[in-house]
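The basis for the numbers below is simple: all heavy atoms, side chains too, and nothing from hydrogens, waters or symmetry mates. Below, chains carry the letters A, B, ... as their sequence lines are ordered, and counting in each starts from 1.
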Amino acid sequence: MARMKFLCDSERCIECNGCVTACKNEHEVPWGVNRRRVVTLDDGVPGERSISVACMHCTDAPCAAVCPVDCFYTTDDGIVLHDKDLCIGCGYCFYACPFGAPQYPQKEAFGVRGKMDKCTFCAGGPQGKDNSEEERKKYGRNRIAEGKLPLCAEMCSTKALLAGDGDMVADIYRERVLKRSGRPQTWGWETAYQEDV
Amino acid sequence: MNASKATLTACVAALALLAGCHEPVSVTVYEAGEYKGESDPLLKAHAKSESKEALQKRFSMGQSDR
């Protein structure tokens, strides 16, 4: 079965932050919490690259592996979701996640963080019926239940950010790379091990 | 008479106050690797092939390169 995946094409991302704004607007994400963010490498230098990062809905999610109360579950097609009623806000998932996806809405004395919040692939959470008021308040809008894909990707003006069936996403990216006649320049052997290796 | 009335009132007030302190307690006993939260209705709805096809159609409509 195909899995739902995000992919950001660094050759196309223009750092417009449209995805970040779309996400915040769609889910009414509180101030200080960013479910998605755009990271720029070598900002201001010729050849700079940007990528849009959020929860990558890992196949073997480290957040779920370290959660002491097992509040994570994965849908059939690989969307990693969590139950905020079970979450104790310990922050282990934040330390485990390589993408910095888990966010905490409160910053108070004595390390009180509040319940963890993260990208849901626009699939809401386990609260009541799909797209109920409670679900929307806790997890944001459930676009998947409406037959829609994540708004961040659907809003992307350059189609740098793709979200959907992993096989279809991979096909599109493969075609793009072939058209560019080579491999993407940001990631690769030369970047990781220097050009002279 | 007045004293017994006052005692009765005090007892009723105390009971009402104590009742206000009641808090429903439900304990979730965690077991390693087992999700014990509420079930998500999306899981059932999304298991149907129609919903998957709808998402694939939407993807090819909106995100594929032209």
Side-chain angles (χ1 to χ4, degrees), chain A residues 1-2 4 7 9 12 64-65 67-77 79 81-88 120 123-132 134-135 139 142-150 153-156 159 161-165 167-169 171-173 175-176 179, chain B:
Chain A
M1 177 180 288
M4 290 295 183
L7 187 142
D9 186 345
R12 284 191 174 215
C67 180
V69 294
D70 286 310
C71 74
F72 291 90
Y73 62 99
T74 307
T75 66
D76 281 348
D77 43 12
I79 304 173
L81 299 171
H82 74 296
D83 186 337
K84 285 192 182 179
D85 290 334
L86 292 183
C87 175
I88 55 172
T120 62
Q127 191 74 39
K129 288 181 184 170
D130 284 336
N131 269 321
S132 62
E134 305 92 61
E135 185 188 44
Y139 303 97
N142 191 338
R143 290 172 57 87
I144 295 288
E146 295 171 1
K148 297 172 183 170
L149 288 162
E154 294 204 330
M155 287 279 288
C156 184
K159 292 185 184 176
L161 185 61
L162 302 171
D165 183 324
D167 293 339
M168 295 173 83
V169 170
D171 282 344
I172 288 176
Y173 190 63
E175 275 176 29
R176 284 183 189 175
K179 268 186 193 165
Chain B
M1 186 69 179
N2 277 347
S4 64
K5 256 189 179 178
T7 315
L8 191 68
T9 314
C11 284
V12 170
L15 276 173
L17 275 173
L18 284 172
C21 293
H22 174 72
E23 194 181 338
V25 178
S26 59
V27 178
T28 306
V29 182
Y30 301 110
E31 280 169 48
E34 199 178 326
Y35 171 72
K36 291 195 172 179
E38 216 175 311
S39 63
D40 190 345
L42 180 75
L43 298 181
K44 267 189 188 170
H46 198 45
K48 293 173 193 163
S49 60
E50 301 101 65
S51 67
K52 281 174 189 163
E53 279 166 19
L55 287 178
Q56 286 179 344
K57 197 177 168 190
R58 188 162 174 110
F59 181 84
S60 43
M61 265 170 52
Q63 293 184 57
S64 57
D65 290 335
R66 293 188 187 95

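- At distances below 3.5 Å, at least one donor-acceptor pair connects side-chain atoms of Glu38(B) with backbone N or O atoms of Gly128(A).
- Most heavy-atom pairs under 4.5 Å with chain B: of the set Pro68(A), Ala65(A), Ala163(A), Cys67(A), this distinction falls to Ala163(A).
- Per-residue heavy-atom pair counts under 4.5 Å with chain B were compared for Glu135(A), Gln127(A), His82(A), Lys129(A), and the maximum is reached by Gln127(A).
- Interface remark: Asp85(A) contributes side-chain atoms only to the contact with chain B (heavy atom separation under 4.5 Å).
- Ranked by heavy-atom pairs shorter than 4.5 Å toward chain B, the options Cys71(A), Ala64(A), Cys156(A) are led by Cys71(A).
- For Thr28(B), the part sitting under 4.5 Å from any heavy atom of chain A is the side chain, from C-beta outward, and nothing else.
- Atoms CG and CE, from Leu149(A) and Met61(B) in turn, are 10.0 Å apart once rounded to the nearest 0.5 Å.
- Using a 4.5 Å cut-off between heavy atoms, Asn142(A) contacts chain B through its side chain alone, with no backbone atom that close.
- Here the closest non-hydrogen pair linking Asp83(A) and Gly37(B) is OD2-CA, 3.3 Å.
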Test Leu55(B) against Ile144(A) for side chain to side chain contact (heavy atoms under 4.5 Å, CB included), laying out the working first.
-> CA-CA 8 Å; Leu55(B) 287 178; Ile144(A) 295 288; 4.2 Å; yes

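- At a 4.5 Å heavy-atom cutoff, Glu175(A) makes no contact with chain B through either its backbone or its side chain.
- Taking both residues in full, the closest heavy atoms of Ala47(B) and Asp76(A) are given as CB-OD2, 4.0 Å, listed atom of the first, atom of the second, then distance.
- Remark: Gln63(B) CD to Asp165(A) CG distance equals 11.0 Å, nearest 0.5 Å.
- Going from atom NE2 of His46(B) over to atom OG1 of Thr75(A) covers 6.0 Å, rounded to the nearest 0.5 Å.
- With a 6.0 Å radius and a threshold of 12 heavy atoms from other residues, nucleotides or ligands, Lys57(B) has its NZ atom at or below the threshold.
- A side-chain contact (heavy atoms from CB on, under 4.5 Å) with Tyr35(B) is found for exactly one of Leu81(A), Leu86(A), Thr74(A), Val69(A), namely Leu86(A).
- Proximity to chain A is limited to the backbone of Glu31(B), based on heavy atoms less than 4.5 angstrom apart.
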Give the C-alpha distance, both sets of side-chain angles, the deciding distance and a yes or no for side chain to side chain contact (heavy atoms under 4.5 Å, CB included) between Tyr139(A) and Asp40(B).
-> CA-CA 12 Å; Tyr139(A) 303 97; Asp40(B) 190 345; over 6 Å; no

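- The candidate with the highest count of non-hydrogen atom pairs below 4.5 Å against chain A, out of Ala32(B), Gly62(B), Gly33(B), is Gly33(B).
- Expressed to the nearest 0.5 Å, how far CZ of Phe59(B) lies from CD1 of Ile172(A) amounts to 3.5 Å.
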Going through the distances and angles, do Asp65(B) and Lys159(A) end up as a side chain to side chain contact (heavy atoms under 4.5 Å, CB included)?
-> CA-CA 8 Å; Asp65(B) 290 335; Lys159(A) 292 185 184 176; 4.2 Å; yes

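- Both the backbone and the side chain of Gln56(B) come within less than 4.5 Å of a heavy atom of chain A.
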